[in-house]
Amino acid sequence: MGKESQNRLKHFAALKSKYQATQYQNSSPASLLYLILRKVDLGIELSHLEFNWLKEYKLIETLKAIKQEQEHRFQEFGNLEFEFSKLQSKYKATKHDVSWQSSHLYLILLKLESENLVTDSDVKWLRTNGLDETNKIAQEVNRFTQLKSKYKATQYQDSYPESKLYQILTKLDVTECLSNSEYNWLINNQLLETAEIFKQQESEKEAHFAQLRDKFQANKHLDLSLSSPLYSILQNIDTKNNLSDSEINWLEQQELSETIAIAQELEQTREFAALRLKYKATEYQDSSPKSHLYKILKRLELSNQLGEQDINFLKKRKLTEIIEIANKKYVSILKSKIDSGELLNESEIKLLKNNRCEDIIIFAKEKHFAALKLKYDVLGYKDKLHTSILYTILQKFELKERLEPTDVAWLQETKIKVPQPTYSYYRWQKEPQEQETKLFSGKIWIAYHTIEANFYEQEFQRTDNKWNLANASSHWRKADEPEQALQLTNNLELEKIKENKLKSALLTSRGGAFRDIDKLDKAENCARQAIEYQPKSHHPYTLMGAICFERHQYSDGEYWFKEAIKRGANPRNMDSEIKRVLKNTKDESKRQQVINYLLNKDPQRYAWAKSYIKNSNNKI
């Protein structure tokens with residue numbers, strides 16, 4: 001008989017003994033009973049035929065033993081599954097939903113639970129499977145294990161990071177002071193060596209505190225405990241950290257002025273050394289923060305321009321490279337200022353000239369010119385050069401300066417092209433068109449008249465000449481500020497004004513302002529009073545005509561316009577007033593009424609009204 005056959009016989013005998021089947025006579029390994037008992041021992045479920053065979057051969061005790069084995073195995077299986085579930089919950093791994101039998105996770109969790117350090121491959125597996133929280137806990141378990149070894153606390157069994165010991169050892173590792181309750185906890189848990197390490201740390205810190213008090217002249221402070229704010233402040237000073245305002249305030253309250261002075265001098269010395277390195281002045285011997293060079297470099301660091309005295313100081317000490325750096329830095333600042341659209345002042349332009357930066361000066365002016373064109377809505381003006389007449393005019397607007405008559409004439413004569421919208425059901429069917437318009441319009445028009453209005457207001461306050469008041473009021477209207485015009489002409493006290501022409505002018509301007517804000521009754525009252533004071537002036541008649549057209553009283557308006565023309569008014573001015581009515585009329589039907597009236601009245605003279613028909617029909 002071979003060795004393998006002998007082993008099988010021994011194994012069969014052992015199984016019969018284990019499962020109480022010794023009464024079965026056949027001991028051949030080829031027996032069906034041997035197959036059945038091997039399956040049971042391997043945890044393989046038996047078939048009904050196999051159970052029936054055992055019953056047929058009356059192996060009742062064997063059946064009982066098999067049932068007990070199966071129940072035990074089932075219970076152990078449940079225990080292992082429950083243990084795995086608990087570990088998953090404890091180590092934040094519940095989202096990894098796998099069987100404990102096939103997962104590598106069970107092995108890792110058992111390592112953590114038994115204080116075995118996880119390997120690099122374990123860490124990689126956790127990351128790959130998205131178990132970041134588990135990985136974080138694993139890292140802390142590793143650290144906890146290392147800390148227990150380092151601080152003589154390996155006899156303590158719990159290695160979970162929420163343990164009280166972990167908090168204590170973490171404090172010890174950064175030499176942080178333990179509370180009385182934490183120290184007593186170590187004693188109560190027989191961690192005497194760990195407690196002794198803490199005591200040793202405290203002794204070393206006390207010695208260090210005493211050394212720092214001597215070094216930074218703080219011995220007069222009576223609180224020598226390590227919990228004193230002084231200890232952390234002196235540590236900050238010693239590790240070359242700058243003190244905060246709150247720390248300086250605390251030192252002042254403790255009357256530790258010498259400590260403050262030492263700390264500030266050290267801070268300034270460090271800063272001076274860094275500045276000398278930055279600005280290539282390391283060969284300069286004086287490293288004291290009391291040096292004038294320190295003040296110069298500080299100013300330079302704050303982007304301040306160097307003064308003449310500073311430049312002379314640097315030249316005498318042959319520190320010309322600092323001057324070059326300072327100039328380059330300031331030029332860079334000026335470039336940033338230019339990019340933001342700001343205008344350079346005379347001293348800044350002088351510095352650029354001294355540094356041969358004429359190109360930057362020109363760039364600055366042209367950049368400023370572009371910004372002003374955007375501000376005053378005249379981007380259609382093609383000339384970009386800083387020598388442009390328009391740039392000079394816009395600069396005057398910015399400085400609130402009045403224009404010369406030649407400037408005004410140039411604005412009136414010069415035209416620019418602006419986009420003219422075209423309307424269609426399908427907008428893409430038509431190309432954008434352009435139309436010409438005078439520069440003396442829009443925001444330039446308003447800026448000009450605003451400056452003029454302010455000028456005449458100031459002249460009125462200086463001279464008390466009410467013609468200035470009339471002029472100011474007229475300009476405020478043109479600047480689209482009718483409320484300002486009305487405010488100026490409140491409480492006119494006409495009885496104190498001798499000149500009827502002036503009374504008429506003031507009332508006409510005031511009436512026009514009322515018309516601007518759609519208070520037509522008040523506008524009419526002013527116009528009629530103005531006519532009474534100056535019947536030969538065409539201005540109040542023109543105002544009455546415009547008021548009537550605003551009210552859609554066309555024949556009355558025609559009458560007043562004719563009266564105005566008799567007194568010297570230009571017919572074109574009448575047309576301008578009517579165009580203004582058409583432009584401001586929001587009701588389409590009423591606008592059409594005005595257009596129809598004009599074309600029926602005189603289709604040749606009022607041919608321009610057809611453009612309003614076209615515009616109104618094309619709007620969408």
Side-chain angles (χ1 to χ4, degrees), residues 115 117 136-271 273-274:
E115 295 190 51
L117 296 178
K136 184 179 177 182
I137 295 171
Q139 301 302 320
E140 291 194 78
V141 169
N142 280 1
R143 183 165 182 256
F144 192 5
T145 303
Q146 292 164 359
L147 289 175
K148 285 201 289 186
S149 176
K150 182 177 179 180
Y151 293 103
K152 316 294 185 185
T154 51
Q155 69 269 36
Y156 191 77
Q157 296 302 312
D158 187 2
S159 288
Y160 197 71
E162 290 183 359
S163 165
K164 179 83 170 178
L165 179 60
Y166 184 48
Q167 298 170 20
I168 292 173
L169 297 184
T170 302
K171 278 188 173 185
L172 284 181
D173 206 45
V174 294
T175 65
E176 187 178 331
C177 186
L178 300 184
S179 65
N180 289 333
S181 63
E182 289 170 330
Y183 177 75
N184 291 333
W185 187 91
L186 291 174
I187 300 299
N188 293 336
N189 284 274
Q190 300 299 310
L191 296 169
L192 304 181
E193 287 183 281
T194 310
E196 184 57 34
I197 291 173
F198 166 66
K199 283 297 183 183
Q200 185 179 346
Q201 280 186 356
E202 292 297 283
S203 298
E204 290 172 358
K205 285 193 283 186
E206 286 169 359
H208 184 229
F209 189 14
Q211 180 189 6
L212 292 177
R213 290 199 307 273
D214 287 337
K215 183 177 180 179
F216 297 112
Q217 299 183 25
N219 277 319
K220 66 180 180 181
H221 188 65
L222 299 178
D223 186 358
L224 305 182
S225 66
L226 295 175
S227 59
S228 168
L230 180 61
Y231 185 36
S232 61
I233 291 173
L234 296 182
Q235 284 179 300
N236 274 344
I237 298 172
D238 198 45
T239 52
K240 299 181 180 180
N241 290 326
N242 296 338
L243 295 183
S244 65
D245 291 339
S246 60
E247 288 174 326
I248 292 172
N249 290 336
W250 188 88
L251 290 171
E252 286 175 347
Q253 291 169 6
Q254 309 306 313
E255 299 180 354
L256 294 170
S257 55
E258 296 88 348
T259 307
I260 296 172
I262 294 170
Q264 290 177 339
E265 186 173 357
L266 287 171
E267 179 183 337
Q268 290 169 352
T269 301
R270 290 193 296 272
E271 184 183 26

Show every donor-acceptor pair shorter than 3.5 Å between a side-chain atom in residues 229-238 and any protein atom, with sequence neighbours excluded, or say none if there are none.
unit_1: Y231; atom_1: OH; unit_2: H208; atom_2: ND1; d: 3.4
unit_1: S232; atom_1: OG; unit_2: P229; atom_2: O; d: 2.9
unit_1: N236; atom_1: ND2; unit_2: E247; atom_2: OE2; d: 2.8
unit_1: D238; atom_1: OD1; unit_2: K215; atom_2: NZ; d: 2.7

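With hydrogens and angles ignored, the 3.5 Å screen pairs no side-chain donor or acceptor of T154 with any backbone N or O of K148. When atom types are taken as modelled, the side chain of S228 and the backbone of L224 share no donor-acceptor pair closer than 3.5 angstrom. Remark: the backbone N or O of Q217 is paired with a side-chain donor or acceptor of T259 at under 3.5 angstrom. Using a distance-only test at 3.5 Å, with no hydrogens or angles considered, no donor-acceptor pair links the side chain of Q264 to the main chain of I262. Listed for the S203 side chain is a donor-acceptor partner under 3.5 Å among the backbone atoms of K199. With hydrogens and angles disregarded, no donor-acceptor distance shorter than 3.5 Å links the side chain of D173 to the backbone of L169.
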List the steps and the verdict of side chain to side chain contact (heavy atoms under 4.5 Å, CB included) for I197 and K150. CA-CA 10 Å; I197 291 173; K150 182 177 179 180; over 6 Å; no
E176 and T170: CA distance, side-chain angles, deciding distance, side chain to side chain contact (heavy atoms under 4.5 Å, CB included) verdict: CA-CA 9 Å; E176 187 178 331; T170 302; over 6 Å; no
Step-by-step side chain to side chain contact (heavy atoms under 4.5 Å, CB included) determination, L266 to F216: CA-CA 11 Å; L266 287 171; F216 297 112; 3.9 Å; yes
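For N188, the CG atom sits in a packed shell: over 12 heavy atoms of surrounding residues, nucleotides or ligands are nearer than 6.0 Å. Applying the 6.0 Å contact sphere to NZ of K136 captures no more than 12 heavy atoms from other residues, nucleotides or ligands. The number of heavy-atom neighbours closer than 6.0 Å to CG of D214, taken from other residues, nucleotides and ligands shown, is above 12. A 6.0 Å sphere centred on CD of E255 holds no more than 12 heavy atoms belonging to other residues, nucleotides or ligands. Dense packing is recorded around CD of E252, with more than 12 heavy atoms of other residues, nucleotides or ligands lying under 6.0 Å away.
Note that CG of N241 is 10.0 Å distant from CD of E267, once rounded to the nearest 0.5 Å. Of the inter-residue distances, the one linking L243 atom CG with L251 atom CG reads 6.5 Å to the nearest 0.5 angstrom. Atom-to-atom distance recorded for E193:CD and L186:CG is 12.0 Å, nearest 0.5 angstrom. To the nearest 0.5 Å, the span separating CZ on F144 from CD on Q167 amounts to 9.5 Å. Rounded to the nearest 0.5 angstrom, K171 NZ and S179 OG are separated by 5.5 Å. Rounding to the nearest 0.5 Å places OH of Y166 at 4.0 Å from CD of E140.
Within the 4.5 Å cutoff, the side chain of Q254 has no heavy atoms near those of the K220 side chain.
For the residue pair Y156 and N189, the shortest heavy atom distance occurs at CE1-OD1, 4.0 Å. Across all their heavy atoms, T194 and A153 have their closest contact at OG1-CB, 3.6 Å. Between L172 and Q201, the closest heavy-atom pair is O-NE2, 2.9 Å.
Applying the salt bridge (Lys or Arg N to Asp or Glu O under 4.0 Å) definition to pairs two or more places apart or across chains, those involving residues 202-211 are E202-K205.
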